[in-house]
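Worksheet: one structure, shown below.
Here is the naming used below: chain letters follow the sequence lines, and residue numbers restart at 1 for every chain. Excluded from the calculations below are hydrogen atoms, water molecules and symmetry mates; all remaining heavy atoms, backbone and side chain alike, are included.
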Protein chains: 2
Amino acid sequence: MRPTDLAEIRRLSLFRDMSQQCYEQLTRGVYVQHFPESLTMIRQGEPADFLHILLDGQVELFASWGDRETTMSVIKPIGTFILAATIRDAPCLMSARTLERSRIMLLPSANLRQAFRDDRGFAHAIVDELAGCYRAVVRHAKGMKLRNSRERIASYLMRQAQLAGDVRSYQLPVEKRLLASYLGMTAENLSRALRGLEEDGLKVDGTRVIITDPIKLMKIAKLDMLMDGPDPSPTTEAASLPKATA
Amino acid sequence: MRPTDLAEIRRLSLFRDMSQQCYEQLTRGVYVQHFPESLTMIRQGEPADFLHILLDGQVELFASWGDRETTMSVIKPIGTFILAATIRDAPCLMSARTLERSRIMLLPSANLRQAFRDDRGFAHAIVDELAGCYRAVVRHAKGMKLRNSRERIASYLMRQAQLAGDVRSYQLPVEKRLLASYLGMTAENLSRALRGLEEDGLKVDGTRVIITDPIKLMKIAKLDMLMDGPDPSPTTEAASLPKATA
DNA sequence: CAGTGGACTTGATAAATGTCAAGCGTGAGA
DNA sequence: TCTCACGCTTGACATTTATCAAGTCCACTG
């Protein structure tokens, strides 16, 4: 691993609170690697040998059953994947492939478990990360069960606008067919629904999203912290070491 | 807390590996309580003050949005809930209510976080539990996105038969309307689909399920370890302290 | 013992969503 | 520059799923 990589990694919230000794031990077997676009690097059912940490690029987590396939999540830097499988030493429930050329850090599962045992700061960072992943899937499942496709689209696109800094217009971060799969519908239906939403304050032209009437659109999206986020900032006062108070 | 409760709890996998000191500290603020049937004890959006551990009875986790509601999970003893919210000190994403009179242990979130910091065995048990919860939701989400209602019913009922010990006939563990909600459909549709499945080796009469033709039913259910479980037994060799291999 | 409410079922109908086939547009590579 | 592949769109149609309205059955209760 290159020293510049090492320095960069040390700053990640996962590793920031580790003792130097544990950190060195942990990173002994670690390496950082580039993957080309559209490469499936993990197949569901395979053992989870490494925790993956996405440093640059974009990765899709997807699931298949028979000949069907669905996008479960899109990971952006800095994000981790297959953490749960790593912890349990269980087979991955999802597959992973790059959506673009990506730089990924691979952390051997055994090292992770060792460091979890040895270092409290790391252990805390890991559960916190895992709890975040859990809450993200719960949100996704809620969306699938409580909203219809029109509402899923509206809420997704509004939420993205929020994340981009409460803008009225932005670029779609992913291809439409991927978005359709993520939102649990066919590409055809997404296309049609987008057209239908033009009546409701939304315009999508190619990859450009324009929210022409936020109030109207919100009546459909009904964004909800408990379904769309954001999660309160991770690892806040209550969860970390007490310092301010006494 | 009664001494008999205390002894019982100590044996739970969550607490089994704790040091006596940490255990005593942890259980200082703990209490065990009975709840009547149909009592909503947690409302989504509320802070998670306690980790809940179900000792007896049955609890439903459900989510709502506007006037819609859906069952996310049914907890059976021994099971935990709102672990992730507890860890993150974040609002609960789901509500919880008893399906029958239940005995529940309440463990203050602050105690949990303290014990997590102080005791490795406990920390490990907690991540392991959380990882299990994560994988369960991922499975649920996969089922919702990859299978249609007919397939979800078939796979659910086959899986229950497996869990009951590979039997051909058993009692439904929950009411049908609850099952419908859990499987993401209306009660009417469940009823009709069950009728339709009589052609495919399944008979449901009241709460009695009879798998008349497992092979035929399996062609629809297509049970899959990665979607229907079981998960490899939690906390196995690889994840715990090395002992056999010197 | 009758009454009441709730779970479950059934049928008719509507709405949502998927499938198939075709055509458009654009970008990568020959 | 041409061509091809692929993402996207559109239309027609099929299938799935939800909604609404009865009606049955059963358990609980006054």
Side-chain angles (χ1 to χ4, degrees), chain A residues 36-38 60 65-71 97 99-101 143-157 171-200 202-209 220, chain B residues 36-38 58 60 65-71 74 97 99-101 143-157 171-200 202-209 220:
Chain A
E37 185 181 332
S38 295
E60 175 193 8
W65 184 64
D67 58 357
R68 296 177 210 166
E69 199 176 286
T70 188
T71 302
R97 71 182 150 219
L99 292 173
E100 46 187 81
R101 179 175 150 84
M144 294 304 306
K145 296 184 78 175
L146 290 168
R147 295 208 257 232
N148 62 27
S149 56
R150 186 185 175 72
E151 292 160 342
R152 291 201 295 277
I153 295 168
S155 55
Y156 175 86
L157 293 178
Q171 295 285 122
L172 268 186
V174 293
E175 285 183 349
K176 284 181 183 166
R177 59 183 198 87
L178 179 71
L179 180 57
S181 175
Y182 175 66
L183 295 177
M185 67 192 76
T186 59
E188 293 96 322
N189 255 324
L190 172 60
S191 191
R192 274 187 272 264
L194 284 178
R195 170 152 312 269
L197 283 168
E198 286 178 13
E199 314 263 283
D200 300 282
L202 179 70
K203 185 80 198 306
V204 177
D205 184 30
T207 67
R208 173 124 237 116
V209 180
I220 295 171
Chain B
E37 186 182 329
S38 296
Q58 214 170 10
E60 174 194 7
W65 184 64
D67 59 357
R68 297 178 210 166
E69 199 175 286
T70 188
T71 301
V74 174
R97 72 183 148 219
L99 292 173
E100 46 187 81
R101 179 175 151 85
M144 294 304 305
K145 296 185 78 176
L146 290 168
R147 296 208 256 232
N148 63 25
S149 57
R150 186 185 175 73
E151 292 161 343
R152 291 200 295 277
I153 295 168
S155 55
Y156 175 87
L157 293 178
Q171 295 284 121
L172 268 187
V174 293
E175 284 185 349
K176 284 182 184 166
R177 59 182 198 84
L178 179 72
L179 180 57
S181 174
Y182 176 67
L183 295 177
M185 66 193 74
T186 58
E188 292 97 321
N189 256 324
L190 172 61
S191 189
R192 274 188 272 267
L194 284 177
R195 171 152 313 269
L197 284 169
E198 286 177 14
E199 315 263 282
D200 300 281
L202 180 71
K203 186 79 198 305
V204 178
D205 184 31
T207 67
R208 173 124 238 116
V209 180
I220 295 171

Base-contact (B) and sugar-phosphate-only (S) positions in nucleotides 23-30 of chain C, heavy-atom cut-off under 4.0 Å, - elsewhere: --------
The contact string for nucleotides 25-30 of chain D, one letter per nucleotide 5' to 3', using protein heavy atoms under 4.0 Å with B, S and - for base, sugar-phosphate only and none, comes out as ------
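When rounded to the nearest whole Å, the span between CG of Asn148(A) and C1' of dT16(D) equals 15 Å. Taking atom CZ on Arg150(B) and atom P on dT16(D), their separation rounds to 8 Å, with Å as the unit. Between the CD atom of Glu151(B) and the P atom of dG18(C) there is a distance of 13 Å, rounded to whole Å. Rounded to whole angstrom, the span from the CG atom of Leu178(A) across to the P atom of dC6(D) amounts to 17 Å. At whole-Å resolution of the value, CG in Leu179(A) and C1' in dT9(D) are 15 Å apart.
Note on the helix from dC1(C)-dG30(D) to dA30(C)-dT1(D): angle between the axes of the first and last five pairs equals 30°, rounded to 10 degrees.
Within residues 184-195 of chain A, the residues approaching DNA chain D are Glu188(A), Ser191(A), Arg192(A), Arg195(A), by heavy-atom distance under 4.0 Å.
Residues passing the ring pair (Phe, Tyr, Trp, His ring centres under 6.0 Å) test with Tyr182(B) are His140(B), sequence neighbours excluded. Under the salt bridge (charged side-chain N to carboxylate O under 4.0 Å, His left out) criterion, Glu37(A) pairs with no residue at all, not counting sequence neighbours.
Counting only heavy atoms from C-beta outward, the side chains of Glu60(A) and Val174(A) never approach each other to under 4.5 Å.
In terms of position on DNA chain C, the residue among Val174(B) and Arg152(A) whose nearest nucleotide sits closer to the 5' end is Val174(B).
Comment: Lys203(B) does not engage Glu198(B) in a salt bridge, judged by the lack of any side-chain N to carboxylate O separation of less than 4.0 angstrom.
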